[in-house]
Amino acid sequence: MTDSMDSLRPPAKAKAKARAAGKRQQLTAAAARVLHEQGVERTTIADIARAADVPAGNVYYYFKTKDELVEAALSEHVTHLETLTGGLDQLPDPRERLKGLIDAWVGQRDTTARYGCPTGTLAAELDKRSEGGLDLSAGRVIRRLLDWVEQQYRHIGVADPEGHALALVGAYQGMSLLSNALRDPEIMAREGARLTRGIDALG
């Protein structure tokens, strides 16, 4: 009887581990969404727990502080970016990859008009804190995007690929800010079309 009970324990442990990982992912995804919608200072751990459908008291089993949840949300942004760029990397032409990135930005125009760029708004808010903490984590997410865009321009063979990358990502941040400030998603559509024409003009 003991041997048969012992044989059941590993699957039970595996299930418990999978459940814990699932709850942690629920909280991470909810943190990314709620922090984007409400900002860091207005968001409480209870808000995130409610959005994740997890009892507030259980959150502390996975994350000890709100800052840990913010860090997890930034990791979620990295995952989304890697998924997006990983899919675009399957396209053979770097111009098409860049245009696909712009299409993805424009595709989020309604959300952007309401809440701004997910990473950009978080980076701006965290920058108001003391240096050397979460502000650096937010900057690393944007750096990943810049590096990927720069790589595409290098493949195209343009002069100053770093400058082109800064201009493209800067244009995205600018149109996101204006779209949000004016609550006008069509700014994203119009500016996205302009950026796409710029990519086509590279030849």
Side-chain angles (χ1 to χ4, degrees), residues 25 28-33 35-37 70-127 131 133-203:
Q25 178 54 35
T28 298
R33 185 173 70 255
L35 289 167
H36 180 206
E37 294 174 358
V70 175
E71 188 81 55
L74 289 167
S75 296
E76 184 80 354
H77 291 316
V78 170
T79 299
H80 288 165
L81 178 60
E82 289 178 344
T83 299
L84 172 59
T85 56
L88 293 173
D89 281 337
Q90 304 307 307
L91 299 172
D93 187 342
R95 296 169 188 79
E96 294 305 315
R97 293 176 208 146
L98 288 173
K99 289 195 290 185
L101 177 66
I102 294 166
D103 285 345
W105 290 340
V106 173
Q108 293 296 312
R109 60 188 178 277
D110 290 331
T111 300
T112 302
R114 183 66 186 88
Y115 304 114
C117 165
T119 308
T121 53
L122 199 53
E125 187 174 4
L126 293 172
D127 186 57
E131 293 186 5
L134 289 170
D135 57 320
L136 296 180
S137 297
R140 282 193 287 270
V141 180
I142 295 173
R143 171 51 62 186
R144 281 175 181 256
L145 174 60
L146 279 167
D147 288 346
W148 184 86
V149 172
E150 181 181 341
Q151 184 180 48
Q152 308 318 307
Y153 281 115
R154 287 191 186 280
H155 288 319
I156 294 170
V158 300
D160 190 18
E162 182 181 5
H164 276 79
L166 284 168
L168 184 68
V169 175
Y172 164 55
Q173 290 298 328
M175 67 193 202
S176 296
L177 176 62
L178 288 171
S179 181
N180 176 231
L182 300 176
R183 294 293 193 270
D184 183 359
E186 288 312 302
I187 289 174
M188 295 288 292
R190 289 197 302 272
E191 289 301 293
R194 184 181 63 80
L195 293 175
T196 296
R197 289 195 297 271
I199 301 297
D200 286 333
L202 293 173

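A quick note: this is a predicted structure, and the numbers were derived from the prediction, not measured.
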Which distance, rounded to the nearest 0.5 Å, do you find between the [atom1] of [X] and the [atom2] of [Y]?
X    : Y    : atom1 : atom2 : result
L122 : D127 : CG    : CG    : 11.5 Å
L145 : C117 : CG    : SG    : 8.5 Å
H80  : T119 : NE2   : OG1   : 10.0 Å

Partner set under salt bridge (Lys or Arg N to Asp or Glu O under 4.0 Å) for D93, not counting sequence neighbours =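 For D93, the residues satisfying salt bridge (Lys or Arg N to Asp or Glu O under 4.0 Å) (neighbours in sequence not counted) are R95.
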Taking only residues two or more places apart in sequence, or in another chain, which ones meet E162 in a salt bridge (Lys or Arg N to Asp or Glu O under 4.0 Å)?
->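 Applying salt bridge (Lys or Arg N to Asp or Glu O under 4.0 Å) to E162 gives none.
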Identify the heavy atoms of [X] and [Y] that sit nearest to each other, and give their distance.
X    : Y   : result
L91  : E96 : CD1-O, 3.7 Å
Y115 : H36 : CB-NE2, 3.4 Å
A73  : L35 : CB-CD1, 3.7 Å

With R114 via side chain to side chain contact (heavy atoms under 4.5 Å, CB included) - residues at least two apart =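 R183.
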Can you list the residues that meet the side chain to side chain contact (heavy atoms under 4.5 Å, CB included) rule with A138, with sequence neighbours excluded?
->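 L74, A123, L126.
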Does the pair D200 and K99 meet the rule for a side chain to side chain contact (heavy atoms under 4.5 Å, CB included), with working shown?
-> CA-CA 9 Å; D200 286 333; K99 289 195 290 185; 2.7 Å; yes
By ring-ring contact (aromatic ring centres under 6.0 Å, His included), which residues pair with H77, not counting sequence neighbours?
->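 Testing H77 for ring-ring contact (aromatic ring centres under 6.0 Å, His included), a comparison that skips the adjacent residues, returns none.
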Pairs touching residues 141-159 that satisfy side-chain hydrogen bond (donor to acceptor under 3.5 Å, both in side chains), sequence neighbours left out |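 Every pair satisfying side-chain hydrogen bond (donor to acceptor under 3.5 Å, both in side chains) with a residue in residues 141-159: E82-R144, D89-W148, R97-Q152, R143-D147, E150-R154.
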Among residues two or more places apart or on two chains, list those pairs meeting side-chain hydrogen bond (donor to acceptor under 3.5 Å, both in side chains) that have a residue in residues 167-182.
->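 Counting only pairs at least two positions apart or across chains, no side-chain hydrogen bond (donor to acceptor under 3.5 Å, both in side chains) contact touches residues 167-182.
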What residues form a side-chain hydrogen bond (donor to acceptor under 3.5 Å, both in side chains) with S137, not counting sequence neighbours?
->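 Once residues adjacent in sequence are excluded, the partners of S137 under the side-chain hydrogen bond (donor to acceptor under 3.5 Å, both in side chains) criterion are E71, R140.
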Result block: side-chain N/O donor-acceptor pairs under 3.5 angstrom for residues 101-109, not counting sequence neighbours:
unit_1	atom_1	unit_2	atom_2	d
R109	NH1	V106	O	3.1

May I ask you to test the L98-I156 pair for a side-chain heavy-atom distance under 4.5 Å?
->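 When only atoms from C-beta onward are counted, I156 and L98 do touch, with a gap below 4.5 Å.
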Would you tabulate the side-chain donor-acceptor contacts of residues 184-199 under 3.5 Å, counting partners in other chains and residues two or more places apart, or write 'none'?
unit_1	atom_1	unit_2	atom_2	d
D184	OD1	E186	N	3.0
E191	OE1	R194	NE	2.9
E191	OE1	R194	NH2	2.8
T196	OG1	G192	O	3.0

